[in-house]
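Structure first, commentary second.
Every chain is numbered from 1, with letters handed out A, B, ... down the list of sequences.
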There are 2 protein chains.
Amino acid sequence: MDGDIALSKVPGKGWADRAVAQAGKPVVSRKTVGRLSLYRRLLDNLRGTGTTHIYSHQLAHLAGVSAAQVRRDFMVIGYSGSPNRGYHVDTCLASIESLLDGATRQDVALVGVGRLGRSVLAHFAGRRPLLRIAAGFDTNPGVIGTTIEGCLVHSMDDLERVVAEKGIRIAILAVPPETAQAAADALVRSGIRSLVDFTAVPLHVPDEVFVDHMDITSALESAAFFARQDQGTPPMDNGVDNGSEADMFPMI
Amino acid sequence: MDGDIALSKVPGKGWADRAVAQAGKPVVSRKTVGRLSLYRRLLDNLRGTGTTHIYSHQLAHLAGVSAAQVRRDFMVIGYSGSPNRGYHVDTCLASIESLLDGATRQDVALVGVGRLGRSVLAHFAGRRPLLRIAAGFDTNPGVIGTTIEGCLVHSMDDLERVVAEKGIRIAILAVPPETAQAAADALVRSGIRSLVDFTAVPLHVPDEVFVDHMDITSALESAAFFARQDQGTPPMDNGVDNGSEADMFPMI
DNA sequence: CGAACGCCGTTACGCGTTTCACAAGTTACC
DNA sequence: GGTAACTTGTGAAACGCGTAACGGCGTTCG
């Protein structure tokens, strides 16, 4: 290898055979978890419409993935539907939620309460009872001490203390790129476990810390690039796809 | 298959041998383009520090990927460095930019000029001369007609007309989930080619349209999930990783 | 001047994910 | 009651991607 670093990736991890929930560590892939989160929202909406059962290809259509994908995802989390009846919305939702939400409430720190930070904050205001943005941090004296969307903003200087005290293990990073790494370091020192990074720069954190880099710049530049290619959806990745509505969805 | 859709994927495409720029269609994967965008930013910063040459493993460290990945990415776009000297920052940058930016300026539409839309707008204000957010759209009468960050906000009713007139082929979608699909449909009708979707719901668009779904909700819920697992970085996906600074980067 | 080192370009391999395809099961209808 | 048309669940292939490994070449030091 090159000189130094190890570069993410799962350590040794046999991964092995049955990936189903077992000793408390379900071993679900990143992408699967992302889709489950999406299924959850879709099913939640569906329940509001009074739908009680749904077929894999219907949910697949809503989520923009293949039916096989849906079935496989549910298989991973160990949820089974009934043949010829499809999946029961309520129990399916319960199954997903028990996996995603866990037992206890999790607090989130919002680091950087600027425009973007506030957007994200508003986006989540009381959306999930078990996932609450419990503290904000910023360097701007104008916002320190204020409460936005029910979230008290602290000074960045208090970050390590407050995060450690509250036992916060998840953080949203929405600071300018220059201070991103320093903020990430402070978060890691105070025991953070997961980061959602809206910064323009990649963060260097220990392997044990989960990082999702939401790179808006890359997203737009990629969009611009593929807009120039005449065939649209290039190789792979998360599909969203599909075209036209047509018949679809008899909805029971 | 299920009833209808086809689901992305590149058509036949041998991919085969040299995937380099050739007949104008480089055939570069989505992820590679994303990384190239990142390399571009990093190299741009680097040039500011006076660095003239850089090794693959150095750039890899900055980007949070493996050195082999960097070399392969550059191979894909047909850029060659010099052995024992590394990559020449200026020419490398030029090579990436010629691929990402293209020849002419591309205009972008911002649909939904709410909190999130404005954040993204500010994020991009004049960042790339060849990629300009040229028009905003919203239903809120309070913002229609105003100019934010040099971007005039139109009524949503004028979307199809303005987008078609200006020949806009890229759009950022930052509207409430209820109106997302309708907005996407309108954009598609007016000839959009790429979408960056910040909506909570997946969009149904023709296969020819490139879509990048920036799902903030999923990102946070995934982060919450993996925060509960003790080993951090789960299976795979875009790494960001790595740990500690240490020696790194003699910088010429 | 020669040899050893270090990096790049490239090919081959391995892994994870997605899709295909089929067995098993259940319901509804004739 | 039997049968036909659906579904789900799942093993196995296909695909794309990333990593490891190797040849080549320029540089540098003995």
Side-chain angles (χ1 to χ4, degrees), chain A residues 1-3 6-10 12-20 27-35 53-60 65-88 92 233-239 241 250 252, chain B residues 1-3 5-20 27-35 53-60 63-88 92 234-239 241 250:
Chain A
M1 246 289 133
D2 343 292
L7 242 304
S8 64
K9 290 308 90 104
V10 61
K13 268 311 171 190
W15 174 268
D17 13 278
R18 65 209 186 292
V20 190
V27 190
V28 186
S29 85
R30 184 186 288 232
K31 291 187 174 179
T32 299
V33 172
R35 282 191 300 266
H53 290 266
I54 187 171
Y55 295 130
S56 64
H57 68 270
Q58 293 175 315
L59 184 55
V65 300
S66 74
Q69 182 88 75
V70 171
R71 293 202 295 270
R72 172 78 62 192
D73 286 338
F74 285 167
M75 193 184 79
V76 167
I77 66 171
Y79 178 75
S80 287
S82 61
N84 212 14
R85 193 68 66 90
Y87 299 97
H88 187 60
C92 181
T233 310
M236 64 135 282
D237 217 18
N238 64 8
D241 70 287
I252 293 299
Chain B
M1 246 293 135
D2 342 291
I5 60 178
L7 243 302
S8 60
K9 283 317 76 113
V10 61
K13 271 309 177 189
W15 171 268
D17 11 278
R18 63 208 187 294
V20 192
V27 189
V28 186
S29 88
R30 183 187 286 232
K31 291 188 174 180
T32 298
V33 173
R35 282 190 300 266
H53 290 266
I54 187 173
Y55 294 129
S56 64
H57 68 269
Q58 291 175 316
L59 184 55
V65 300
S66 73
Q69 182 90 71
V70 170
R71 291 202 297 269
R72 173 179 279 280
D73 286 336
F74 286 167
M75 192 184 77
V76 167
I77 67 171
Y79 176 77
S80 287
S82 60
N84 212 15
R85 193 70 66 87
Y87 299 97
H88 186 61
C92 181
M236 62 135 286
D237 216 17
N238 62 10
D241 70 287

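One atom, CG of A:Leu59, and another, C1' of D:dT7, lie 15 Å apart when rounded to the nearest Å. Here the C1' atom of nucleotide C:dC29 and the CG atom of A:Asn84 are 12 Å apart, to the nearest Å. Computed from coordinates, the A:Tyr79 OH to D:dT10 P distance equals 14 Å when rounded to whole Å. Remark: P of C:dT19 and CE of A:Met75 are 14 Å apart, rounded to the nearest angstrom. Atom NE2 in B:His53 sits about 11 Å away from atom P in D:dT27, given to the nearest Å. Whole-Å rounding puts the A:Arg71 CZ to C:dT19 C1' distance at 10 Å. For B:His88 and C:dC8, the NE2 to P distance is 15 Å, given to the nearest whole Å. Taking atom CZ of residue A:Arg85 and atom C1' of nucleotide D:dA5, one finds them 15 Å apart after rounding to whole Å.
Here the nucleotide nearest the side chain of A:Ala68, chosen from C:dC20, D:dG18, D:dT7, is C:dC20. Distances from the side chain of B:Lys31 to the nucleotides D:dG18, D:dG26, D:dT8 place D:dG18 closest. Of the candidate nucleotides D:dC25, C:dG9, D:dT8, D:dT8 has the atom nearest to the side chain of A:Tyr55. With C:dC7, D:dT7, D:dT19 as the choices, the nucleotide that has an atom nearest any side-chain atom of B:His57 turns out to be C:dC7.
Residue A:Thr32 is classed as having no contact, given no heavy-atom separation below 4.0 Å to the nucleic acid. Backbone-only contact: B:Ser80 has heavy atoms under 4.0 Å from sugar-phosphate atoms and none from a base.
The nearest heavy atom of DNA chain D to A:Tyr87 and to B:Asp73 marks one nucleotide each, and the one closer to the 5' end goes with A:Tyr87. Nearest-nucleotide mapping onto DNA chain C: of B:Phe74 and A:Pro83, the residue sitting toward the 5' end is B:Phe74.
The phosphate of D:dG16 (OP1 or OP2) has no side-chain N or O of B:Arg30 nearer than 4.0 angstrom. Under 4.0 angstrom from either OP1 or OP2 of C:dT17 there lies no side-chain N or O belonging to A:Gln69. In this structure, B:Ser66 does not reach the D:dG18 phosphate: none of its side-chain N or O atoms is under 4.0 Å from OP1 or OP2. Under 4.0 angstrom from either OP1 or OP2 of D:dT8 there lies at least one side-chain N or O belonging to A:Ser56. Dashed line: the shortest gap from a side-chain N or O of A:Ser82 to OP1 or OP2 of C:dG25 is not under 4.0 Å.
Atom OG of B:Ser80 and atom OH of B:Tyr87 lie 7.5 Å apart (nearest 0.5 Å). Separating the OG atom in B:Ser29 from the CG atom in B:Asp73 is a distance of 7.5 Å, to the nearest 0.5 Å. B:Ser66 contributes atom OG, which lies 12.5 Å from atom NE2 of B:His57 (distance to the nearest 0.5 angstrom). Here the CZ-CD distance, from B:Phe74 to B:Gln69, works out to 11.0 Å after rounding to the nearest 0.5 Å. Residue B:Cys92 holds its SG atom at 7.0 Å from CG of B:Leu59, rounded to the nearest 0.5 Å.
The base of C:dT18 has none of its N or O atoms less than 3.5 Å from a complementary donor or acceptor on the side chain of A:Arg72.
Ring geometry for B:His88 versus B:His53: interplanar angle of 30 to 60°, hence tilted.
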